[in-house]
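Each chain gets a letter, A, B and so on, in the order its sequence line appears, and its residues count up from 1.
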Amino acid sequence: MRGGEAIIESLKRMGVDIIFGYPGGQLIPFYDMLYDAEMDHILVRHEQCAAHAADGYARASGKVGVCIATSGPGATNLVTGIAAAYMDSSPIVAITGQVTSNLIGNDAFQEADIIGITMPITKHSYQPKDPDLIPSVIKSSFEIAGSGRPGPVLIDVPKEVQEKELSIFDDNMISTPGYNPTIKGNIKQIKKAKNLIKQSKKPLILAGGGVIISDATDELKQLSEMINAPVITSLLGKGVIDETDPMALGMLGMHGRKVANDSINKSDLLIAVGTRFSDRTTGKLEDFLPNTKVIHIDIDPAEIGKNVEVDLPIVGDAKNILSSLIDSLNDYESNYSAVKWSNSLKSMKNEFYPRYSYDDVPLKPQSVIKEIGDALTADSIVTTDVGQNQMWAAHFFDTQKPRKFISSGGLGTMGFGLPTAVGAKVACPDDPVLTITGDGGFLMVCQELSTIKEYDTPVIVAILENKTLGMVYQWQNLLYNKRYSQTILDKNPDFVKLSESFGINAERITQPGETKIAVKKAIKDNEPIVLDIVVDKNECLPMVPPGAGINEMLGEYKLEKDT
Amino acid sequence: MVNENHIISTLVENKPGVLQKIAGLFTRRGFNIESITVGESEVENLARMIIVVNGDKKTLEQVIKQLSKLVDVIKIKNLTSNAVQRELCLIKVNIADAKSRSEIIQYCDIFRAKIVDICEESLIIEFTGDIEKLDAFLKLLKGYGIKKLSRTGLTAMSRGI
């Protein structure tokens, strides 16, 4: 067995049946061996999209996603995708070709120090110079990528290593004594948490993506109901709880729901689970939780106390800790104050539910999101791009299940929506997949329509076309004296014709009601489609201006209930 | 919170790229390295790094937690209190005349420094000790003119067990 074949065999043993990639000079041996192998391969049209697609695959399935690119430019094109996965703790294994070992360091053709370049954005990396190490390297990479706080691992394989014969296939040649993520929560800390919960009159839960990664959504709901603590989420926490549930108050943060932003500082106990208190979530730190006790549950000890001072840290896996906590609370008697508190928040949620019933033309993006939500099923996966489209989707769309809302939270990568939708669709072929994107982000990755065509991946692409780089435009409008520097996109191509040239059906939408019909039809037809939805240059409000406290929201939607 | 120097001892995998990973982590997170020394440890294939970092308590906590996340880092210990600390230093000092030469030799005796090379115009002193002692020694030598100074950075070991 040669090195390249060992890569494929090892991937298979890790349960991989599909990889996203793009060939190149230093990967020719690998691709030659792939030719006969039982391993599916999706040829993306830009390496960045291979990393994003692997990321989307990982987030939708909970499995490790795999992408592969050649040395030099192929490898550097992966960087944005690896960084996006790193920031959002998504498990991917990125394999890169490298120039032959004797040329490394000589500035050879298509050589780049990809290990060095990706060091700050990977959990770990390997460069096996002996083909015998390949099985162990791949096994170890999957273990590291998928366990603890997940993240990307990079494997850089010199060309000759792909070609050389292995003397033995042994996947236990590497040990990682320095890698021991804490899973079980400290019993003493859980006991202390129990006491804080018993004393609390206004408990609140803040749940992040860690709860989804840990598959702890049932436990979270159980705890929330047991102690009458309503749940607010971070962006990546969308789907932790069914957002149509009265106890789900929605997203917190710069573009959070009013009830979430207003209630957090009023709580007397915040149980934060699997979240890292990013600046977009907390607003000005000095004004965040001035009088609230905080329990922080996270698998990464470095996240505890990093941004927000914590009264009680519990390091470990969310599912493990939450179920221990629930067990320890078996004698919990519901207290009147907490019931009253959660009831008041439930009614506040209704009172401040976003108004959607716009009939305006040009369409209001908020109403388009509402129509999309009405057309999709609870099992549908929504991926977003970054900017206004993302925040409209996060704010106005109710996610009902975990792993059904996929968005670039930490890195905020434009061009993320379309390739991650491809990855998600590959992971979950039976669930409808729709990406909400903007004209800016779509144009960054529109070449992937070619991938969608080739593999007949039935992704619904909803472009909210407002002919601006909307989020920056909005900041310029609100904070920079309406000086619209480089944010007007009035020379957009005709997205319908563009899509049709790729052989993909497309439709331009301008009237209320059309989006819902088109999305429903697309789900039924199970074919890829691009919807060019012409929307108003509308602001994404309410919003917490940069530097302000989390409850100082700017602008309001009309306070009418959903019609 | 006050900024202080903290000494951290880390046991790491002795392989290429580890120093770069650790140095990169410090740069990326904005931690200040005062000094870093690396060498083999008592365990085969593991190296010991002694890192002196400047910052407040919160920074120190983050440094230790972030270092622990690196797969190549096996063990971390804060040595700031109760540790033997030493630094080795080579100092090339000017010799103006016979008087200053004998003075320097006397200072070396007092500070238990060794003269390892000597010529007409200068001599090289090897000094080992803790930082306060070294600083005091250098202050005395300054008047004669220090031509070259080469310090290894601090190494340290916990006292007792």
Side-chain angles (χ1 to χ4, degrees), chain A residues 83 86-87 89 101 104-105 113-130 133 137 140-145 147-156 174-182 276 285 296 298-310 313 315, chain B residues 1-3 6 8-33 36 38-51 53 55-78:
Chain A
Y86 182 77
M87 289 289 268
S89 312
S101 298
I104 292 179
D113 172 19
I114 196 61
I115 297 256
I117 290 168
T118 57
M119 234 171 228
I121 51 164
T122 48
K123 217 174 147 184
H124 198 50
S125 47
Y126 287 107
Q127 188 183 63
K129 290 202 175 149
D130 174 355
L133 284 173
V137 160
S140 173
S141 298
F142 272 72
E143 278 168 7
I144 292 171
S147 63
R149 178 181 180 175
V153 175
L154 183 120
I155 309 173
D156 193 33
I174 290 177
S175 67
T176 47
Y179 181 70
N180 306 298
T182 308
R276 62 186 177 88
L285 277 175
H296 192 180
D298 204 284
I299 200 159
D300 182 355
E303 287 306 341
I304 291 173
K306 189 181 82 178
N307 296 338
V308 170
E309 297 252 356
V310 171
V315 177
Chain B
M1 279 192 269
V2 265
N3 281 359
H6 306 275
I8 301 164
S9 168
T10 59
L11 201 59
V12 303
E13 303 262 7
N14 194 359
K15 57 185 187 195
V18 176
L19 181 63
Q20 188 191 352
K21 263 186 206 172
I22 289 175
L25 174 74
F26 276 74
T27 320
R28 182 161 58 95
R29 301 257 173 205
F31 305 143
N32 285 324
I33 303 183
I36 185 163
V38 198
E40 283 180 7
S41 74
E42 71 282 3
V43 189
E44 202 185 340
N45 299 327
L46 296 187
R48 180 162 278 113
M49 273 188 202
I50 305 292
I51 306 165
V53 57
D56 57 21
K57 261 179 92 178
K58 196 182 164 190
T59 309
L60 175 71
E61 191 186 314
Q62 267 295 307
V63 167
I64 292 177
K65 283 175 169 178
Q66 295 293 349
L67 280 173
S68 315
K69 280 169 71 170
L70 298 178
V71 175
D72 292 321
V73 172
I74 312 289
K75 218 166 153 183
I76 301 180
K77 202 168 172 194
N78 182 0

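- With a threshold of 4.5 angstrom between heavy atoms, Ile144(A) approaches chain B through side-chain atoms but not through N, CA, C or O.
- The contact between Val71(B) and chain A is made by backbone and side chain atoms together, counting heavy-atom distances below 4.5 Å.
- Neither the backbone nor the side chain of Leu25(B) has a heavy atom closer than 4.5 Å to any heavy atom of chain A.
- Taking CD of Gln66(B) as the reference point, atom CG of Asp300(A) lies at 7.0 Å (rounded to 0.5 Å).
- Put simply, the side chain of Lys75(B) never gets that close to the backbone of Gly178(A): no donor and acceptor are under 3.5 Å apart.
- Rounded to the nearest 0.5 angstrom, Gln127(A) CD and Lys15(B) NZ are separated by 12.0 Å.
- Contact detail for Gln20(B) and Gly116(A): the closest heavy-atom pair is NE2-CA, 3.7 Å.
- Rounded to the nearest 0.5 Å, atoms NZ (Lys65(B)) and CD (Glu303(A)) are 9.0 Å apart.
- Side-chain contact between Met119(A) and Arg28(B): absent, with no pair of heavy atoms (C-beta onward) separated by less than 4.5 Å.
- For the set Ser125(A), Gly305(A), Pro120(A), Pro181(A), the count of heavy-atom pairs under 4.5 angstrom toward chain B peaks at Pro120(A).
- Closest approach of Ser175(A) and Glu13(B) over heavy atoms only: O-OE2, 4.3 Å.
- Annotation: the span from Lys123(A) atom NZ to Leu70(B) atom CG amounts to 11.5 Å, rounded to 0.5 Å.
- Neither the backbone nor the side chain of Asn180(A) comes within contact range of chain B; no heavy atom of the residue lies under 4.5 Å from a heavy atom of that chain.
- For the atom pair NZ of Lys21(B) and NE2 of His124(A), the computed distance is 4.5 Å after rounding to the nearest 0.5 Å.
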